[in-house]
Amino acid sequence: MRYSRLLLPTLKEDPADAEVLSHKLMLRAGMIRKLAAGIYTYLPLGYRVIRKVEKIIREEMNRAGAQEVLMPAVQPASLWQESGRWDHYGKELLRLKDRKQTPFCIGPTHEEVVTDLVRMNVRSYRELPLNLYQIQTKFRDEIRPRFGLMRGREFIMKDAYSFDRDEGGAEESYQKMHDAYCRIFERCGLAFRAVEADTGAIGGSFSHEFMVMADTGEDAVATCGACRYAANTERAEIRREEARHSEDAPEALQEVETPSKKSVEEVAQFLTVSPSRLIKTLIVSNGSGAIAAALVRGDHALNEIKLKHLLGWEEIALADAATVERVTGGPSGFSGPVGLTGLPIVADHGIASVRNAVTGANRFDRHLCNVNLNRDFTPERFADIRMAMDGDGCPRCAGTLRISRGIEVGHIFKLGTKYSEALGANYLDEDGQSRPMVMGCYGIGVGRTAAAAIEQNHDQDGICWPLPLAPYSVLVLPLNMKSEEVVSLCRSHRHTASRDHWRQRAPTEPGGDQGKTVRCGRPDGAGRGMPSGAEASQREEP
RNA sequence: CGGGGCGUAGCGCAGUCUGGUUAGCGCACCUGCCUUGGGAGCAGGGGGUCGGAGGUUCAAAUCCUCUCGCCCCGACCA
């Protein structure tokens with residue numbers, strides 16, 4: 001491709017609406033343009049990068065024995081009603097009607113469609129295991145699309161679905177995908193980690209996320225320095241420390257005035273105690289009537305997902321002010337466990353060791369001091385319901401957890417029989433018995449992977465693509481247009497140039513910073529992350 | 001959906017508070033000259049229904065009302 005013919009609208013300044021680096025650089029390097037919130041056009045350069053990511057994915061998926069298909073983006077509501085997700089998926093599911101008023105949706109994911117396909121066409125255990133994948137545009141009507149390709153509403157995703165005879169087979173399929181994903185992200189030149197994750201709305205029994213480590217990542221990851229344990233903080237377990245009871249003797253309960261001091265910091269400062277002496281009481285609701293109280297230490301944060309699973313709820317949110325007032329008798333900000341009745345109280349393990357604690361008094365501008373477990377209040381159960389923090393104990397070994405940021409570029413789930421049972425995807429085993437297939441599903445955000453590569457590979461001058469993702473591998477740059485020799489050499493090889501070729505042929509050896517870029521908008525292709533490797537000139541090398 | 005902010009040329013902005021020339025500036029774009037070993041220079045030029053609708057006024061980018069779009073902070077997720 002001749003550089004001068006390329007549709008490559010570069011910008012010298014950051015567009016005002018771009019926040020993160022990968023978004024800014026992709027816009028400035030002329031790779032993407034926005035059509036609407038979270039909806040982007042891929043320009044020639046950007047699409048080449050996308051295609052390179054896809055190519056790596058295809059090769060590794062095929063190598064792992066998966067077969068490529070392409071399923072419809074528009075899907076009948078009836079299938080989603082059958083799986084039960086029409087009512088549960090929420091507003092992210094873009095729903096529409098055709099001219100006959102039949103309801104449809106635009107696929108945010110394809111468990112329903114692929115399970116339907118398989119139930120109609122696979123009958124025998126002889127046909128299993130089966131793994132089908134596709135690379136396709138998805139639509140999720142995200143509440144807040146942001147950061148360019150990092151969280152779009154329309155986005156390109158590779159999704160794969162495995163079908164096995166039994167749990168053992170499903171675990172093998174899962175492991176194969178795990179390994180394939182590792183190869184894919186390695187080949188993309190990314191520093192990543194596979195971490196244990198929550199299964200979220202997709203459902204299923206366990207899952208791993210593939211995180212590209214980057215400070216701008218939206219997810220927090222807890223990793224152990226001593227063993228291989230790594231988990232999303234949504235899920236990360238915390239080693240239970242032996243409760244170290246303080247030596248302090250329990251003192252008499254005392255109510256104190258704390259005028260307009262609501263937050264932990266305010267109260268701790270006002271009463272001159274450490275935040276770890278406070279016990280936070282959070283009233284949560286499942287949105288359909290159920291409420292519960294959660295107790296965590298003042299210096300800890302509630303993990304709503306852990307609590308949600310513990311309570312067996314489908315949804316969880318902090319209760320609104322009116323609900324808090326109704327169940328505690330006091331305004332929000334002053335809740336406490338003492339005298340709290342009529343709802344389940346769950347306590348984090350961390351509060352077991354707190355003596356003479358400070359809690360809300362369930363009265364406006366009042367807190368209680370010297371609150372003690374079992375004397376003043378008794379939780380119904382203790383559990384791990386808080387967020388892992390830097391320095392917490394690893395649940396698997398004696399090591400310590402560290403928290404870092406990551407971008408979720410891939411997610412694999414072991415689904416079990418959730419969808420095969422709902423939709424009747426059964427097969428006949430060797431004994432002629434009908435059994436539900438055991439499923440897994442596996443996703444990669446293609447555009448997000450490209451964006452993550454930029455977050456991880458850039459310098460002050462622009463994008464430094466890992467070579468396997470670079471839009472072009474060589475930029476031939478004739479530096480002396482007056483020399484017919486130089487010009488004709490460049491012309492004659494511009495279609496066939498490869499890096500190796502140019503190493504042999506070009507009079508000038510590429511510089512030491514191949515694949516690296518110099519600046520956005522520079523005429524040598526720098527800043528778009530095109531390696532400015534080969535130069536043709538007549539100057540003698542020193 | 002709650003909270004905050006922004007819509008003026010392709011991009012980045014000024015002008016709006018305090019209504020009043022032909023709506024400006026930088027980059028980009030076009031033409032000519034010149035230049036060409038790292039984002040050239042000089043001269044000239046094109047491009048705006050000031051997000052939209054309604055209102056107030058002799059007069060609206062500017063004031064009022066409504067509306068649409070977009071961005072940021074929280075719950076969702078590849």
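Below, chain A is the first sequence line, B the second, and so on; all start at residue 1. Side chains included, hydrogens not; waters and symmetry mates left out as well; all remaining heavy atoms used.
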- Task: Tell me the partner of B:U56, counting only Watson-Crick (N1-N3 plus N6-O4 or O6-N4) or G-U wobble (N1-O2 and O6-N3) with both under 3.5 Å; none if nothing fits.
- Result: none
Protein-nucleotides 2-11 of chain B N/O pairs under 3.5 Å:
none

- For A:Met213, which residues count as a side chain to side chain contact (heavy atoms under 4.5 Å, CB included) partner, sequence neighbours excluded? A:Arg193, A:Met211, A:Val221, A:Ser404, A:Gln456
- Message: Measure CZ/A:Arg146 against C1'/B:A78 and give the value in whole Å, please.
- Response: 14 Å
- Query: Across all strands shown, which nucleotide pairs with B:U31 by Watson-Crick or G-U wobble geometry, both distances under 3.5 Å?
  - Reply: B:A43
- Across all chains, not counting sequence neighbours, the side chain to side chain contact (heavy atoms under 4.5 Å, CB included) partners of A:Arg183 are A:Glu60, A:Arg63, A:Asp179, A:Ala180
Give every pair of a protein N or O atom and an N or O atom of nucleotides 68-70 of chain B that lie under 3.5 Å apart, one pair per line with the distance.
from  : atom 1 : to      : atom 2 : distance (Å)
B:C70 : OP1    : A:Ala37 : N      : 3.0
B:C70 : O3'    : A:Lys34 : NZ     : 3.0

- Item | Integer-rounded Å distance: B:C72 P and A:Glu19 CD | 6 Å
- Message: For A:Glu218, is there an ion pair with A:Arg146 - N to carboxylate O distance below 4.0 angstrom?
- Response: yes
- Task: State which residues pass side chain to side chain contact (heavy atoms under 4.5 Å, CB included) with A:Ala37; sequence neighbours excluded, sorted by chain then number.
- Result: A:Pro145, A:Arg153
- In chain order, what residues pass the side-chain hydrogen bond (donor to acceptor under 3.5 Å, both in side chains) check against A:Tyr133, with sequence neighbours excluded? A:Asn62, A:Glu68
- Could you tell me the separation between the CD atom of A:Glu218 and the P atom of B:C77, rounded to a whole number of Å? 13 Å
- Task: Could you tell me the separation between the CZ atom of A:Arg235 and the P atom of B:C77, rounded to a whole number of Å?
- Result: 15 Å
Polar atom pairs between nucleotides 28-30 of chain B and protein, under 3.5 Å, N or O only, would you list them?
from  : atom 1 : to      : atom 2 : distance (Å)
B:A28 : OP1    : A:Lys12 : NZ     : 3.3

- Message: Test of understanding: with side-chain hydrogen bond (donor to acceptor under 3.5 Å, both in side chains), list the residues that count as partners of A:His88, not counting sequence neighbours.
- Response: A:Glu314
- Query: If we take the P atom in both B:C70 and B:C17, what is their distance in whole Å?
  - Reply: 28 Å
- Note on the structure: A:Lys306 meets the salt bridge (Lys or Arg N to Asp or Glu O under 4.0 Å) criterion, sequence neighbours left out, with A:Asp384
- Query: Reckon A:Gly148 touches a base, only the sugar-phosphate, or nothing at all at heavy-atom distances under 4.0 Å?
  - Reply: nothing
- Please give, in whole Å, the distance from B:C71 P to A:Glu142 CD? 13 Å
- Kindly indicate, with the supporting measurements, whether the criterion ring pair (Phe, Tyr, Trp, His ring centres under 6.0 Å) is fulfilled by A:His208 and A:Phe413. CA-CA 7 Å; A:His208 283 87; A:Phe413 301 82; over 10 Å; no
- A:Glu142/A:Arg151 salt bridge by N-O under 4.0 Å criterion: yes
- Query: Once you round it to whole Å, what is the distance between P of B:C77 and NZ of A:Lys91?
  - Reply: 16 Å
- In whole angstroms, how far is the C1' atom of B:A78 from the CZ atom of A:Phe192? 16 Å
- Note on the structure: Re B:A14: Watson-Crick or G-U wobble partner, both distances kept under 3.5 Å, found to be none
- Taking a pair to mean Watson-Crick or G-U wobble geometry with both distances below 3.5 Å, B:U22 pairs with none
- Message: With a 3.5 Å cut-off and heavy atoms only, can you find an N or O donor on one side and an acceptor on the other between the side chain of A:Arg151 and the base of B:C77?
- Response: yes
- Message: Output the rounded distance in Å from CZ (A:Phe147) to C1' (B:C77).
- Response: 14 Å
- In short, ring pair (Phe, Tyr, Trp, His ring centres under 6.0 Å) pairs touching residues 11-37 of chain A with sequence neighbours left out are A:His23-A:Tyr40
- Query: By side-chain hydrogen bond (donor to acceptor under 3.5 Å, both in side chains), which residues pair with A:Lys138, not counting sequence neighbours?
  - Reply: A:His110, A:Gln136, A:Asp159
- Message: I'd like to check the salt bridge (Lys or Arg N to Asp or Glu O under 4.0 Å) partners of A:Glu112; sequence neighbours left out, ordered by chain and number.
- Response: A:Arg85
